[in-house]
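Below are the structure tokens for one structure; questions will follow.
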Amino acid sequence: MIEKMISEKQKIEVIVGDITTFGGCIVNAANESLLGGSGVDGAIHWAAGPKLLEECRMLNGCRTGEAKITKGYNLKAHHVIHTVGPVYSFHKNPEILLENCYRNSLKVACENDIHEISFPAISTGVYGYPKMEAAKIAVKTVRDWLKEHEDYEIIVRFVCFGEYDYNFYQEVMNA
Ligand code: APR
């Protein structure tokens with residue numbers, strides 16, 4: 001695990017694990033329908049139970065780069081922030097859309113007085129975003145946001161689904 005204090009109020013963590021086992025607020029790498037899927041989306045819906053899908057149906061989807069919040073239901077997490085990453089080969093400016101996912105998720109967390117948020121490696125699975133590039137965008141965007149909101153106390157965690165993914169974040173964090 002990597003832990004980096006950004007300030008006395010803010011910390012970034014990188015850890016290997018299953019995001020559905022984390023408390024606080026977890027971020028779902030969803031699709032624009034918000035009606036579930038495979039990967040981390042499937043795992044979160046499975047762990048949360050059917051009430052999550054019921055609430056998602058009321059949200060009328062989510063545009064790529066945007067973020068919407070629901071309760072966590074049977075998850076340990078009290079809230080889930082659903083964001084939709086770019087499909088790497090489809091969008092002409094995937095790096096901007098991926099940055100928006102992290103920024104908008106942090107914005108929604110701040111608006112909901114959330115002080116612990118865990119991100120998966122958005123877009124790096126089904127959506128095909130190169131893992132090193134995505135890790136660089138994730139870490140830079142979070143660091144920039146924390147600097148812009150230095151008075152907001154929060155722990156931001158990157159949860160990697162294996163050592164392979166973790167190594168990319170470790171290299172970026174230590175650069
Ligand atoms: N915990 C943490 N990370 C996970 C978990 C988990 N339980 N399951 C998968 N991951 C990781 C994957 O290893 C990958 O690094 O999440 C990252 C994102 O992969 P995907 O879940 O495939 O998400 P994404 O690439 O953003 O594609 C989204 O896939 O599941 C569908 O409905 C979803 O259409 C959407 C698309």
**Message:** If you define the side chain from C-beta out and look only at heavy atoms, does anything of E13 sit under 4.5 Å from V156?
**Reply:** no

**Request:** Might you point out which heavy atoms bring C160 and D165 nearest each other, and give the distance in Å?
**Result:** CB-CB, 3.9 Å

**Item:** Smallest separation among heavy atoms of S105 and I117, with atom names
**Value:** O-CD1, 4.1 Å

**Asked** Do other residues, nucleotides or ligands put more than 12 heavy atoms under 6.0 Å from E8 CD?
**Response**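 No, not enclosed.
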
**Fill in**
Looking only at heavy atoms, the pair that brings A121 and T124 closest together is O-OG1, 2.7 Å

**Prompt:** To the nearest 0.5 Å, how far apart are OH in Y169 and CG in N174?
**Reply:**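 These two atoms lie 14.5 Å from each other.
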
**Message:** Under 6.0 Å between ring centres: does that hold for Y88 and Y127?
**Reply:**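 Between Y127 and Y88, which both carry aromatic rings, the centre distance is not below 6.0 Å.
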
**Request:** Treating Ile, Leu, Val, Met, Phe, Trp and Tyr as nodes and any side-chain heavy-atom pair under 4.5 angstrom as an edge, say whether F119 and Y129 lie in one connected cluster.
**Result:**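 Yes; Y129 is reachable from F119 via cluster members.
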
**Request:** Would you please test H115 and D113 for side-chain hydrogen bond (donor to acceptor under 3.5 Å, both in side chains) and show each step?
**Result:** CA-CA 6 Å; H115 298 280; D113 197 24; 2.7 Å; yes

**Prompt:** Quick one: do E55 and K51 make a salt bridge, cutoff under 4.0 Å?
**Reply:**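 Not counted as a salt bridge, because no side-chain N and carboxylate O are separated by less than 4.0 Å.
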
**Request:** Nearest 0.5 Å please: distance from the CD1 atom of I81 over to the CD1 atom of I26.
**Result:** 10.5 Å

**Prompt:** Got C25 and E116 here, is their nearest side-chain heavy-atom distance under 4.5 Å?
**Reply:** no

**Request:** Specify whether F158 and Y102 have parallel, tilted or perpendicular ring planes, treating 30° as the upper limit for parallel and 60° as the lower limit for perpendicular.
**Result:**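 Perpendicular: the ring planes of F158 and Y102 meet at over 60°.
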
**Message:** Walk me through whether C62 and K68 qualify under side-chain contact (heavy atoms from CB on, under 4.5 Å).
**Reply:** CA-CA 7 Å; C62 182; K68 293 189 176 180; 4.2 Å; yes

**Request:** Could you please spell out the steps behind the side-chain contact (heavy atoms from CB on, under 4.5 Å) verdict for V126 and S38?
**Result:** CA-CA 9 Å; V126 167; S38 55; 3.9 Å; yes

**Prompt:** Is there side-chain contact between E133 and E95, with at least one heavy-atom pair below 4.5 Å?
**Reply:**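 A side-chain contact under 4.5 Å is absent here.
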
**Message:** Membership question, hydrophobic clusters at under 4.5 Å side-chain separation (ILVMFWY): are M173 and M132 in the same one?
**Reply:**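 Same cluster: M132 reaches M173 through Ile, Leu, Val, Met, Phe, Trp or Tyr contacts under 4.5 Å.
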
**Asked** Linking I/L/V/M/F/W/Y whenever any side-chain heavy atoms sit under 4.5 Å apart, do V172 and I2 land together?
**Response** yes

**Asked** Below 4.5 Å, heavy atoms only, C-beta onward: do F22 and R157 meet side chain to side chain?
**Response** yes

**Asked** Should I155 and Y152 be regarded as members of a common hydrophobic cluster, given that ILVMFWY residues are connected when their side-chain heavy atoms come within less than 4.5 Å of each other, either directly or indirectly?
**Response** no

**Message:** Do V40 and F161 make a side-chain contact, defined as non-hydrogen atoms from C-beta onward lying under 4.5 Å apart?
**Reply:** no

**Message:** If I take atom OG1 from residue T20 and atom CD1 from residue I44, how far apart are they, to the nearest 0.5 angstrom?
**Reply:**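 It is 7.5 Å, given to the nearest 0.5 Å.
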
**Request:** Determine the minimum heavy-atom distance between Y73 and A48, stating which atoms define it.
**Result:** CB-O, 3.4 Å

**Request:** Please tell me if the side chains of V27 and V80 come closer than 4.5 Å, counting only heavy atoms from C-beta onward.
**Result:**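 No, their side chains stay 4.5 Å or more apart.
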
**Message:** Donor-acceptor check, side chain of N28 to backbone of H82, threshold 3.5 angstrom: yes or no?
**Reply:**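 The answer is no, because no donor-acceptor pair under 3.5 Å joins these two groups.
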
**Request:** Report the distance from atom CD of E99 to atom CD1 of I122, rounding to the nearest 0.5 Å.
**Result:** 12.0 Å

**Message:** Taking atom CD as the centre, does E171 end up with more than 12 heavy-atom neighbours from other residues, nucleotides or ligands that are less than 6.0 angstrom away?
**Reply:**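 Atom CD in E171 is not crowded, with 12 or fewer foreign heavy atoms closer than 6.0 Å.
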
**Prompt:** At what distance, to the nearest 0.5 angstrom, does CG of L106 lie from CD of E148?
**Reply:** 10.0 Å

**Asked** Would a distance-only check, ignoring hydrogens and angles, find a side-chain to backbone donor-acceptor pair under 3.5 Å from T21 to D18?
**Response** yes

**Request:** Write down the atom of D41, the atom of N31, and the distance for their closest heavy-atom approach.
**Result:** OD2-ND2, 3.8 Å

**Message:** We want to know whether H149 and D151 form a side-chain donor-acceptor pair, criterion being a heavy-atom distance below 3.5 angstrom.
**Reply:** no

**Item:** Partner of I154 by side-chain contact (heavy atoms from CB on, under 4.5 Å), out of L146, I12, V142, I6
**Value:**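 Result for side-chain contact (heavy atoms from CB on, under 4.5 Å) with I154: L146.
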
**Item:** Side-chain heavy-atom pair V16, E163 within 4.5 angstrom cut-off
**Value:**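 Yes, their side chains come closer than 4.5 Å.
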
**Request:** Answer yes or no: is there a donor N or O on one side and an acceptor on the other, between the side chain of E66 and the main chain of N104, under 3.5 Å?
**Result:**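 Between the backbone of N104 and the side chain of E66 there is no qualifying donor-acceptor contact (under 3.5 Å).
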
**Heavy-atom pair with the smallest gap, counting every atom of C101 and P86** =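 Scanning both residues, the minimum pair turns out to be SG-CD, 4.5 Å.
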
**Item:** L75 side, atom CG; L52 side, atom CG - distance, nearest 0.5 Å
**Value:**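 One finds 7.0 Å between CG of L75 and CG of L52.
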
**Request:** State whether the number of non-hydrogen atoms from other residues, nucleotides or ligands found under 6.0 Å of M1 atom CE is greater than 12.
**Result:**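 Correct, the count exceeds 12.
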
**Item:** side-chain contact (heavy atoms from CB on, under 4.5 Å) partner of T64, chosen from T83, V84, V87, N100
**Value:**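 Of all the options given, the one that passes is V84.
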
**Prompt:** For K131, does the NZ atom sit with more than 12 other heavy atoms under 6.0 Å from it, leaving out its own atoms?
**Reply:** yes

**Request:** Please report the C-alpha distance between E3 and K11 in whole Å, then the side-chain angles of each, then the deciding distance to 0.1 Å, and finally whether the side-chain contact (heavy atoms from CB on, under 4.5 Å) criterion is met.
**Result:** CA-CA 7 Å; E3 277 186 314; K11 179 165 75 165; 2.7 Å; yes

**Item:** Single-linkage hydrophobic cluster V139~Y166, side-chain heavy atoms < 4.5 angstrom
**Value:** yes

**Message:** Is there a side-chain contact between K71 and H78 in this structure, where contact means two heavy atoms from C-beta onward sitting under 4.5 Å apart?
**Reply:**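 No, too far: nothing below the 4.5 Å cut-off.
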
**Item:** Side chains of T70 and H79, donor plus acceptor under 3.5 Å
**Value:** no

